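Note that the coordinates shown come from a computational prediction; the quantities given were computed from them, not determined experimentally. Values reported hereafter were calculated over all heavy atoms of this structure, with side chains retained and with hydrogens, waters and symmetry mates removed.
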Amino acid sequence: MGGFTKNSTVNLTHPKFTMTPELRALFQITQRANYLNHAAVSPLPTPTIEAVQAQLQDVRENGSLNYQDWIAVKEQARKLLANLLGAKPEQVAFMRNTSDGLSTIANGLKWKPGDNIVTFSREFPSNIYPWLRLRNELGVEVRMCEEREGRIVFEELAELVDRSTRLITISHVQYASGFRSDLERLGRLAREHDALLVVDVIQSLGVLPMSVESELVDAAAGAGHKWLMAPEGVGYLYLSDRARERIQPTLVGWISVSDPEDYNNFDQDWNRGSLAWETGTCPMSLIHGLKASLEILTNAGTVSIAQHLENLTDYLCERLKSLDYEVVSSRAPGEKSQIVCIRNRGGLSAMKLYGHLKARNIVTAPRGDRLRIAPHLYNTPGEIDALLEALP
Ligand SMILES: Cc1ncc(COP(=O)(O)O)c(C=O)c1O
């Protein structure tokens, strides 16, 4: 894979705004702020709010009468999600969040002392605590590769993998550097050692093309409130057939079986694919919102979104070269992403920069010693200019 997309070039002149103005109009926040913090929480597009409200209104007026319609929306959302992942719908289970998905994997495998897990020392805590619990409770070793100048060096991570490695777990895109891992390469490494590749995809799904099958991803977890532009409280877990052979459902309930409404039949098999990992009633109104957001993303197209964000972030990084800022994020093809982290060479802290920009209605995020800039599909080159002009 090249950059975000194939044949990418850096263009110092203003990149064209390739998304439509109609799309931008769906985001009310554009009227009052220059919002560049989608790696934290995305503002919700208007159709998403309307979909949530319509479902709640339906419950107010009709109780459970339209229950089957809600289930149909849930299944459409699952299908859209599976399409973004390059998976089959029945391989994707709804969860509360990314942490639940990763914990589900940790708790569903059979561990023995001496097994090890290979990960990265700066993963978001959701992808650390489930594994540390195994270390503390069961004597599983957790091996962490260190960051090198904003990058993960594949060879260093590979050094940590051996015959006792049961899984490699990594974020597709790192929340604190924007570094993008080569999943297929990691997947091959995992398979050479009969280990699973587990990926936290919350910082990439929807804005980077993905194909879990060809990229050899065995399990992927994420949630909707960042790049999927959906309400907080809905997550998902993809399990490949290979992963399902090894991971048991440990948290189960009435909808974990093949015919949930056959209430008195306790002899049922687990539901097919990953559906056994869904336990009970889901946050139905939020899933209605998720479906609306997924439709917007699907209609815009992941390749077009990725290209747009590559244009914006290439432009940002090129212009930063003449300012007093260091780009911490790798901008190498295949390693760059839509997240750009920068440091002020003059020693201004990330918190100071964040506050300075916030006072000017520009929303970014401080992450350690870095300022994180994370535009989405509706952001414009003019908003990048405004950020550059406002930086102290
Ligand atoms: C890489 C990564 N994983 C997970 C999360 C969130 O985890 P959860 O969905 O469990 O709240 C975040 C951000 O908040 C993140 O940056």
Side-chain angles (χ1 to χ4, degrees), residues 3-5 8 11 13-53 77 80-81 83-84 173 175 178 202-210 222-232 234 288-317 319 336-340 354 357-358 360-365 371-390:
F4 284 20
T5 51
S8 55
N11 186 357
T13 59
H14 237 190
K16 254 186 39 222
F17 179 57
T18 47
M19 295 288 140
T20 64
E22 290 77 21
L23 232 170
R24 184 170 165 82
L26 302 180
F27 295 84
Q28 216 177 61
I29 194 159
T30 55
Q31 293 165 23
R32 54 162 291 271
N34 182 352
Y35 192 86
L36 301 167
N37 193 20
H38 301 87
V41 175
S42 175
L44 299 173
T46 305
T48 302
I49 304 281
E50 287 170 355
V52 173
Q53 286 173 337
L80 290 164
L81 204 46
N83 277 344
L84 289 183
V173 167
Y175 82 102
I202 196 172
Q203 294 292 6
S204 62
L205 191 70
V207 291
L208 285 178
M210 194 175 301
H225 58 279
K226 300 181 191 289
W227 302 97
L228 297 184
M229 318 180 306
E232 290 194 309
V234 190
H288 278 60
L290 172 68
K291 179 192 161 245
S293 299
L294 291 171
E295 281 170 346
I296 294 170
L297 289 166
T298 303
N299 291 338
T302 312
V303 171
S304 304
I305 296 169
Q307 184 65 65
H308 171 68
L309 295 176
E310 183 174 12
N311 292 346
L312 284 187
T313 50
D314 276 348
Y315 174 67
L316 168 69
C317 293
R319 283 209 47 201
K336 62 180 165 177
S337 74
Q338 77 290 357
I339 295 177
V340 174
Y354 163 75
L357 294 170
K358 187 164 170 260
R360 287 155 184 79
N361 258 349
I362 303 175
V363 187
T364 57
L371 185 77
R372 186 176 69 186
I373 301 156
H376 208 328
L377 80 177
Y378 63 86
N379 289 113
T380 63
E383 286 177 312
I384 300 296
D385 285 339
L387 165 74
L388 288 159
E389 276 150 32

With a 4.5 Å cut-off on side-chain heavy atoms, are Pro209 and Thr302 touching?
yes
Suppose we screen for side chain to side chain contact (heavy atoms under 4.5 Å, CB included). Which residues come up paired with Ala390, at least two apart in sequence or across chains?
Leu357, Arg360, Ile362
Where Ala77 and Leu294 come nearest, the two heavy atoms and their spacing
O-CD1, 3.5 Å
Can you tell me how far the CG atom of Leu297 sits from the CG atom of Leu290, to the nearest 0.5 Å?
9.5 Å
Closest heavy-atom pair and its distance - Gln203, Trp227:
OE1-NE1, 2.7 Å
Can you confirm whether more than 12 heavy atoms, excluding those of Phe27, are under 6.0 Å from its CZ atom?
yes
Is the shortest heavy-atom distance from the side chain of Glu383 to the side chain of Pro375 under 4.5 Å?
no
Is a donor on one side and an acceptor on the other found under 3.5 Å between the side chain of Arg24 and the backbone of Met19?
no
Heavy-atom closest pair (Thr48 atom, Ser293 atom, distance to 0.1 Å) is OG1-OG, 2.7 Å
Do you know the tightest heavy-atom contact between Gly178 and Val173?
O-CG1, 3.8 Å
Any heavy-atom pair between the side chains of Leu312 and Gln338 that's under 4.5 Å?
no
Nearest 0.5 Å, what's the CG-CG distance between Leu309 and Asn379?
8.0 Å
How long is the gap from CD1 on Ile339 to CD1 on Ile373, to the nearest 0.5 Å?
11.0 Å
Working note: Lys336 + Thr313, criterion side chain to side chain contact (heavy atoms under 4.5 Å, CB included); need CA distance, chi angles, decisive distance, verdict.
CA-CA 9 Å; Lys336 62 180 165 177; Thr313 50; 5.9 Å; no
Donor-acceptor list for residues 37-47 side chains, cut-off 3.5 Å, not counting sequence neighbours:
from	atom 1	to	atom 2	distance (Å)
His38	ND1	Ala374	O	2.8
His38	NE2	Tyr378	OH	2.6
Thr46	OG1	Leu26	O	3.1

Is there a side-chain contact between His376 and Tyr35 (heavy atoms, below 4.5 Å)?
no
If you measure from CG on Leu81 to OG1 on Thr298, what distance do you get to the nearest 0.5 Å?
9.5 Å
Rounded to the nearest 0.5 Å, what separation is found between the CD1 atom of Ile202 and the CG atom of Leu228?
8.0 Å
Report yes if some heavy atom in the side chain of Leu387 is under 4.5 Å from a heavy atom in the side chain of Leu316; otherwise report no.
yes
Can you list the residues that meet the salt bridge (charged side-chain N to carboxylate O under 4.0 Å, His left out) rule with Lys291, with sequence neighbours excluded?
Glu295
Testing the basics here: between Asn34 and Ala386, what is the closest heavy-atom pair and its distance to 0.1 Å?
ND2-CB, 3.8 Å
Between CD1 on residue Ile305 and CG on residue Leu377, distance to nearest 0.5 Å
5.0 Å
